[in-house]
Amino acid sequence: AAKRVSHPFSRPDGSTDPSLSAAIDTVISLSEATIEWRASRELQLESIAQRLSPITSELHDRMHPHVRLICGDMPLAMLAAVGDALEWPDLSLVHNFVFGFQSVGEIPDSGVFITGGKDYEKDIDDVLRSNARYTTQTMAQVSRSAQRDPDDAKEVWKKTAEEIDKGIALGPFSRNQLDKIWGYGMWRPMPRFGVWQKGKL
């Protein structure tokens with residue numbers, strides 16, 4: 001059926017169908033009104049965020065220094081207000097931005113994602129007991145990788161140092177230092193490696 005419909009610009013006299021002209025005029029008028037509406041709403045949101053800034057400052061003051069390094073500039077009170085307006089299911093979102101997100105063990109359900117999937121089969125205590133062995137294996141693996149490709153290892157180290165200078169990473173720490181901070185076998189390292197894209201690490 002769609003193939004039998006003539007194109008709106010295929011009229012013999014070259015004119016535009018009146019219905020199409022009316023539709024175009026409507027779209028243009030709505031577009032202009034939409035731009036004005038969006039601008040007015042942005043001003044309203046900026047005003048609300050400004051009035052909420054004392055609460056945001058209080059939340060920033062409660063942040064752990066490590067958390068503040070990552071998200072110390074987030075407008076948390078405004079985030080809470082928008083979440084409430086949208087009836088966002090994750091009621092712990094702002095709390096986690098202040099005190100940090102849990103990264104190991106049983107992660108609480110945020111209510112955002114579909115439930116289901118396969119449960120993690122290993123017990124957290126079993127994982128913790130393997131940390132020391134895993135750390136030894138990982139350090140040996142990283143050492144072998146650096147010997148195979150020393151240039152890449154130097155670039156990764158350089159990138160890490162830059163991130164430390166910017167305040168978005170901490171360290172470097174030795175294994176003994178981390179054992180003193182967290183306890184022997186109570187932490188697990190993640191090896192860093194270089195990913196090159198368009199000549200940049």
Side-chain angles (χ1 to χ4, degrees), residues 38-39 41-115 117 119-120 122-132 134-135 138-139 142 155-195 197 200-201:
R38 290 183 63 183
R41 293 301 183 270
E42 287 178 4
L43 290 175
Q44 289 180 347
L45 292 174
E46 290 174 1
S47 175
I48 294 171
Q50 183 63 34
R51 282 179 283 171
L52 291 172
S53 59
I55 302 176
T56 292
S57 297
E58 174 67 22
L59 293 173
H60 287 170
D61 290 340
R62 293 172 179 263
M63 284 180 173
H64 187 282
H66 295 175
V67 178
R68 194 181 298 117
L69 284 173
I70 304 301
C71 50
D73 58 349
M74 291 193 64
L76 294 178
M78 185 63 178
L79 179 63
V82 171
D84 183 68
L86 295 175
E87 298 183 352
W88 189 251
D90 188 359
L91 302 180
S92 300
L93 183 62
V94 174
H95 176 277
N96 290 335
F97 271 119
V98 174
F99 298 105
F101 289 80
Q102 184 175 339
S103 57
V104 296
E106 189 71 23
I107 307 299
D109 183 12
S110 66
V112 176
F113 303 101
I114 298 174
T115 58
D119 292 335
Y120 188 62
K122 291 187 178 181
D123 183 79
I124 185 64
D125 292 330
D126 292 337
V127 176
L128 292 176
R129 280 192 289 269
S130 69
N131 279 349
Y134 175 85
T135 299
T138 300
M139 293 177 67
V142 170
E155 289 299 320
V156 172
W157 175 255
K158 179 181 177 181
K159 187 69 173 181
T160 302
E162 292 174 355
E163 293 176 356
I164 293 172
D165 291 339
K166 292 178 181 178
I168 60 176
L170 300 175
F173 299 104
S174 68
R175 180 172 185 170
N176 288 336
Q177 286 175 314
L178 292 176
D179 281 340
K180 290 180 180 179
I181 295 173
W182 302 110
Y184 178 79
M186 297 303 294
W187 58 278
R188 177 172 284 228
M190 293 179 61
R192 303 201 82 184
F193 55 89
V195 177
Q197 293 180 336
K200 292 184 179 180
L201 182 65

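Values below: all heavy atoms of this structure, side chains included; hydrogens, waters and symmetry mates excluded.
- For the atom pair OH of Y184 and CG of L178, the computed distance is 13.5 Å after rounding to the nearest 0.5 Å.
- One N or O on the side chain of T56 and one on the backbone of A77 form a donor-acceptor pair closer than 3.5 Å.
- In terms of heavy-atom proximity, L91 sits nearest to W88 at CD2-O, 3.8 Å.
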Inset, instruction - Dump the intermediate steps for side chain to side chain contact (heavy atoms under 4.5 Å, CB included) on L59 and V94, then the final yes or no. - result: CA-CA 9 Å; L59 293 173; V94 174; 4.2 Å; yes
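- Checked against ring-ring contact (aromatic ring centres under 6.0 Å, His included), F101 has the following partners two or more places apart in sequence or in another chain: F97.
- The neighbour count for R38 CZ, taken as heavy atoms of other residues, nucleotides or ligands under 6.0 Å away, does not exceed 12.
- Residues D179 and G185 approach most closely at OD1-N, 4.0 Å, considering heavy atoms.
- In terms of modelled atom types and a separation under 3.5 Å, the side chain of H64 and the main chain of F99 share no donor-acceptor contact.
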Inset, instruction - Walk me through it: do K159 and E155 pass the test side chain to side chain contact (heavy atoms under 4.5 Å, CB included)? - result: CA-CA 6 Å; K159 187 69 173 181; E155 289 299 320; over 6 Å; no
Legend entry - Worked verdict on R188 versus T138 for side-chain hydrogen bond (donor to acceptor under 3.5 Å, both in side chains): CA-CA 9 Å; R188 177 172 284 228; T138 300; over 6 Å; no
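- L45 is linked by a side-chain contact (heavy atoms from CB on, under 4.5 Å) to M78, counting only residues two or more places apart in sequence or in another chain.
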Inset, instruction - For the pair L69 and K166, evaluate side chain to side chain contact (heavy atoms under 4.5 Å, CB included) and give the outcome as yes or no after the intermediate values. - result: CA-CA 9 Å; L69 284 173; K166 292 178 181 178; over 6 Å; no
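- Between P191 and M139, every side-chain heavy-atom pair lies at or beyond the 4.5 Å cut-off.
- More than 12 non-hydrogen atoms from other residues, nucleotides or ligands lie less than 6.0 angstrom from CD of Q102.
- Remark: the backbone N or O of A80 is not paired with any side-chain donor or acceptor of D84 at under 3.5 angstrom.
- Note that CD of E163 and CG of L170 are 11.0 Å apart. Values are rounded to the nearest 0.5 Å.
- Remark: the backbone N or O of S174 is paired with a side-chain donor or acceptor of Q177 at under 3.5 angstrom.
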Inset, instruction - Starting from the C-alpha separation in whole Å, work towards a yes-or-no answer on side-chain hydrogen bond (donor to acceptor under 3.5 Å, both in side chains) for T160 and R192. - result: CA-CA 9 Å; T160 302; R192 303 201 82 184; 2.7 Å; yes
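- Of the possible polar contacts, none joining the S47 side chain to the L43 backbone as a donor-acceptor pair under 3.5 Å is found.
- The distance from the CE atom of M186 to the CG atom of L128 is 5.0 Å, given to the nearest 0.5 Å.
- Note on E58 versus R62: salt bridge recorded, some NZ/NE/NH1/NH2 to OD/OE distance being below 4.0 Å.
- The shortest heavy-atom contact between W187 and T135 is CH2-CG2, 3.7 Å.
- With a 4.5 Å cut-off on side-chain heavy atoms, I48 and R51 count as touching.
- Looking only at distances, a side-chain donor or acceptor of H60 sits under 3.5 Å from a matching main-chain atom of M74.
- Taking every heavy atom of both residues into account, L76 and V98 meet most closely at CD1-CG2, 3.8 Å.
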